Structures are given as structure tokens and as C-alpha cells.
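What follows is one structure encoded as C-alpha cells, with my remarks underneath.
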Amino acid sequence: MSTGHKLGELARMVAGTLCGDPDLVIKGIRGYQTAGPEEITFAADKKVLAKVAEESNAGAVIVPADGSLDKPHIKVANPRLAFAQLLAVFAPQYPRPVGVHPTAVVGADVELGADCSIGAHVVIEDGAKLGNRVTLYPGVYVGHDVAIGDDCTLYPNVVIMAGCVLGNRVVIHAGTVIGSDGFGYVQEASGHTKVPQIGNVIISDDVEIGANVTVDRATCDSTIIGRGTKIDNLVQLGHNVVIGENCLLVSMVGIAGSTEVGDNVVIAGQAGAVGHIQIGSGSRILARAMVTNDLPPGSLVSGAPAQRHQDALRITAATRRLPELLSTVKELGRRIEELEKNLDSVVRRSGSGATD
């Protein structure tokens, strides 16, 4: 646990208003259920604040600007943001050895910037260029002529294939592969002929990519991930895909080749998109949706195939009533059949009377 920070210091870090003893020492940070007297927690809204007041043993609490509490607290406009900022303050710091580990393999004409950390069994192929303060954890592979910007961190067993480009402050988590071949084949009666994938992947500044993500290289040009975009674990991006700036792609998203995603798009878990479409900026694609057509900016869609969320909700509601509706239709069919029989009987009697 940290040696601690004074509460007044923490309030200044998050630009909050302190209510309580500024000299109170806080040694850690936790959720409200487990926080102790020497730790700080947060309440995102008044509903959670009530639970914190009743249940939490935390020594201090981050609260909304209009919140209040009978214990030391810091008022902020965005408690979640302030909590995230303080998590970074209390995060454990591990040593980052500068230099090249003896077991690393560094090719010819490789350029290493200042203060790089190259871990055990890293392979850097010929012609690669690394910026300043780059950290490569053990087992990372950097292909021929790769360019990596300043302050990038690649966790264990990340693979960056030949010719790919990473901007500054890019973070890539364990097991991710950048620049694998795009899935391209010409189908013939005799089999499938592979289409060579000679493009690359360009990852812009401040992108973070989770574990076991795969980003395919373009056929001829570049697969692009825009500045500030964050990608969760187990995401697949096909060749020639373009992702805009500040997007959020949640776990298990799949986007087929040559689809373009605008800025500030959120794609929720297990959602997907077919190839060669455009998804407008500011769109929200809800979990497990399958986008099959272009979406205008600001769209909110769900379902498979994806459609306006309100329409999808109505369809879902109607689907839940199908057993009841089928039963009603069967009953109506039975009644119509009885009415037709009765009508036939009346017609026959009427005909017999006319003959008599």
C-alpha cells in the first residue's frame, strides 16, 4: 500500500472542493464496499452516495458536486473521472529497466531512441525504428521496417508485423497481433488463390489496444486506427478498415474489410459490421448488433440486422408475444371454420325449403 497522500493534496489533483480535514492521510483507494478508514472511494450519483453513507467504512469519498456526506469528502463535477485520476496516483509502480536485455535479438540498422526498455527474448528485425522511452516486454516481436513512436508500451508477446507504424503513446496489451495478413482469396473451381496483402497498419497517437486483438494489414494501402481510440480484448479488424478518432470498441467486436468507422463511435460487445460500408461519426451500435448497411452520423442501432434501436425494441416486444398471438390466430381459425360450417348448413336448409 502507498505511504499515503494528504486529502487536501488529492483534492487539488482532481480540482475538487474539499469538505474535511486537509491533513487526513489517505493510503489507498477501493470500491465503497471494501474501502477502509485509510482509503478513499467514490459515489457516482446520489443513489450510490446513500449506500456509501450507510455501508462504507471509507475514510473519504469523492462525491458529485451537489452531494454531501457526514465524513470527509471531495466534491467534483465527474466522480468517475476523479476516481480514475486517483487510481493512477495509487497504482503500484514496477521497475522499468532501461537498456537491451542480453537475450534480445536486434537486427541490422535498427534505431533505438533514448531510454528504451527492451525485455527478454524480444526480436527486433532489420530496419525497425523505435522512438524515445519505448518499452517492449518479454517476447515481443517487431518486424522489418516497423516504426514505433515515443512512449509506447508493448506488453508480452505482442507481434508487430513488417512495415506497420505506431504513433506516440500507443499501448498494446499481451498477445495482440498487428499487421497479420488480411483475409483475401480468389475462389476458383480448383481451390482458393491467396491475394497477397502488401499494405500495412497505421496506429495513431494515444491508441490503446487490449489483449488478443488482431488487426489485419491492408491489401494495398493501410488499415488505420485513429487518434485516441480505445479497443477492448478479442477484437478483429479486417484489412483496409478505417477506425476514426476517439472510438470505443468493446470486447469481441468484428469489423469486416474496407469498412470505415467515423469519429467518436461506440461499438458494444459482440457487435459486428459487414465489409465495404460506412458508419457515421457519433453512432452507437449496441451489443450483438450486426450492421449490414451504411449508418448516418449519430445513429443508435441494435438487432441483427441492425436497425433503429426503437424499431428493434418494438420488434423484440412483439416477438415475445408470438406464442400468445399464435394461440389467438389458431382460436380465430377454429371459430371461422365453425362459422363456415354453420353457414353451409343454413344455406343447405334454405335450399331444401325453396325446393319444397
Side-chain angles (χ1 to χ4, degrees), residues 1-96 133 135 151 153 155 168-171 173 205-210 227-233 245-251 263-269 281-282 284 286-287 298 300:
M1 183 178 284
S2 166
T3 56
H5 298 270
K6 291 183 177 181
L7 191 59
E9 178 187 356
L10 298 181
R12 287 190 294 273
M13 289 178 183
V14 297
T17 300
L18 175 61
C19 299
D21 181 6
D23 293 324
L24 176 67
V25 175
I26 299 296
K27 295 184 178 180
I29 184 167
R30 289 180 185 270
Y32 76 88
Q33 299 97 330
T34 56
E38 294 184 321
E39 295 171 319
I40 191 168
T41 189
F42 84 111
D45 52 42
K46 289 187 175 180
K47 182 178 179 181
V48 178
L49 186 59
K51 292 184 178 181
V52 171
E54 294 178 4
E55 304 172 17
S56 182
N57 295 317
V61 184
I62 303 165
V63 305
D66 58 351
S68 187
L69 201 64
D70 289 335
K71 65 172 60 182
H73 57 279
I74 301 171
K75 295 185 177 185
V76 296
N78 188 337
R80 289 186 182 277
L81 175 60
F83 188 67
Q85 291 168 332
L86 293 189
L87 280 169
V89 171
F90 287 100
Q93 301 298 313
Y94 299 104
R96 175 185 173 276
R133 298 171 300 280
T135 300
D151 301 297
T153 300
Y155 285 98
N168 300 316
R169 299 173 300 280
V170 172
V171 176
H173 290 271
D205 295 349
D206 301 304
V207 169
E208 183 162 359
I209 299 177
R227 180 184 59 82
T229 284
K230 314 300 181 185
I231 298 176
D232 198 0
N233 305 330
E245 297 184 354
N246 296 315
C247 293
L248 293 173
L249 277 59
V250 184
S251 181
D263 299 335
N264 300 297
V265 171
V266 177
I267 305 180
S281 295
R284 301 291 184 269
L286 302 187
L300 176 64

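A quick note: this is a predicted structure, and the numbers were derived from the prediction, not measured.
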With the side chain counted from C-beta on, respond yes when K71 and V61 share a heavy-atom pair under 4.5 Å apart, and no when they do not. yes
Are any of the side-chain heavy atoms of V76 and I62 separated by less than 4.5 Å? yes
State whether D21 and K6 are salt-bridged, where the test is any N-O pair (Lys NZ or Arg NE/NH1/NH2 against Asp/Glu carboxylate O) under 4.0 Å. no
Return the CZ to CG distance between R169 and D206, rounded to the nearest 0.5 Å. 4.0 Å
Measure the OG1-OH distance between T135 and Y155 for me, rounded to the nearest 0.5 Å. 8.5 Å
Do I209 and D232 come close enough that some side-chain heavy atom pair is under 4.5 Å? no
Can a donor-acceptor pair be found, under 3.5 Å and without considering hydrogens, that links the side chain of N233 to the backbone of S251? no
Quick one: do I26 and L10 satisfy side chain to side chain contact (heavy atoms under 4.5 Å, CB included)? Show the steps, please. CA-CA 9 Å; I26 299 296; L10 298 181; 3.9 Å; yes
Is there a donor-acceptor pair closer than 3.5 Å between any side-chain N or O of T41 and the backbone N or O of A58? no
Here the pair of heavy atoms bringing H73 nearest to K75 is NE2-CE, 3.8 Å
Side chains of M13 and V89: closer than 4.5 Å at any heavy-atom pair? yes
Candidate pair Q33 and S56, rule side chain to side chain contact (heavy atoms under 4.5 Å, CB included), full reasoning: CA-CA 6 Å; Q33 299 97 330; S56 182; over 6 Å; no
Are side-chain heavy atoms of L87 and Q85 found at a separation under 4.5 Å? no
Hey, does the side chain of R284 reach the backbone of G282 with a donor-acceptor pair shorter than 3.5 angstrom? yes
Would you say the side chain of V265 lies within less than 4.5 Å of the side chain of I267, judging by non-hydrogen atoms? yes
Do the side chains of E245 and R227 get close enough for a salt bridge, i.e. N-O under 4.0 angstrom? yes
Could you walk me through whether D66 and K46 pass the salt bridge (charged side-chain N to carboxylate O under 4.0 Å, His left out) test, one step at a time? CA-CA 9 Å; D66 58 351; K46 289 187 175 180; 3.6 Å; yes
Considering non-hydrogen atoms only, spot the tightest contact between T229 and N246 and give its length. OG1-N, 3.3 Å
For P72 against L24, the heavy-atom pair lying closest together: CG-CD2, 4.0 Å
Checking E39 against I29 for the side chain to side chain contact (heavy atoms under 4.5 Å, CB included) test, could you report, in this order, the C-alpha distance in whole Å, the side-chain angles of both residues, the deciding distance, and whether it holds? CA-CA 5 Å; E39 295 171 319; I29 184 167; 5.9 Å; no
Around atom CZ of R80, are there more than 12 heavy atoms from other residues, nucleotides or ligands closer than 6.0 Å? no
What distance do C247 atom SG and I231 atom CD1 have between them, rounded to the nearest 0.5 Å? 8.5 Å
Considering all heavy atoms, the nearest F42-V52 contact: O-CG2, 4.4 Å
Evaluate side chain to side chain contact (heavy atoms under 4.5 Å, CB included) for L7 paired with L18, printing each intermediate quantity in order. CA-CA 8 Å; L7 191 59; L18 175 61; 3.5 Å; yes
Which atom names give the shortest non-hydrogen contact between G16 and I74, and what distance separates them? CA-CG2, 3.8 Å
Out of curiosity, Y32 OH to K51 NZ, how far, rounded to the nearest 0.5 Å? 4.5 Å
Kindly determine whether R133 and D151 satisfy salt bridge (charged side-chain N to carboxylate O under 4.0 Å, His left out), including the steps that lead there. CA-CA 5 Å; R133 298 171 300 280; D151 301 297; 2.6 Å; yes
How are the rings of F90 and H5 set relative to one another: parallel (under 30°), tilted (30 to 60°) or perpendicular (over 60°)? perpendicular
Shortest non-hydrogen contact from I40 to L86? CD1-CD1, 4.1 Å
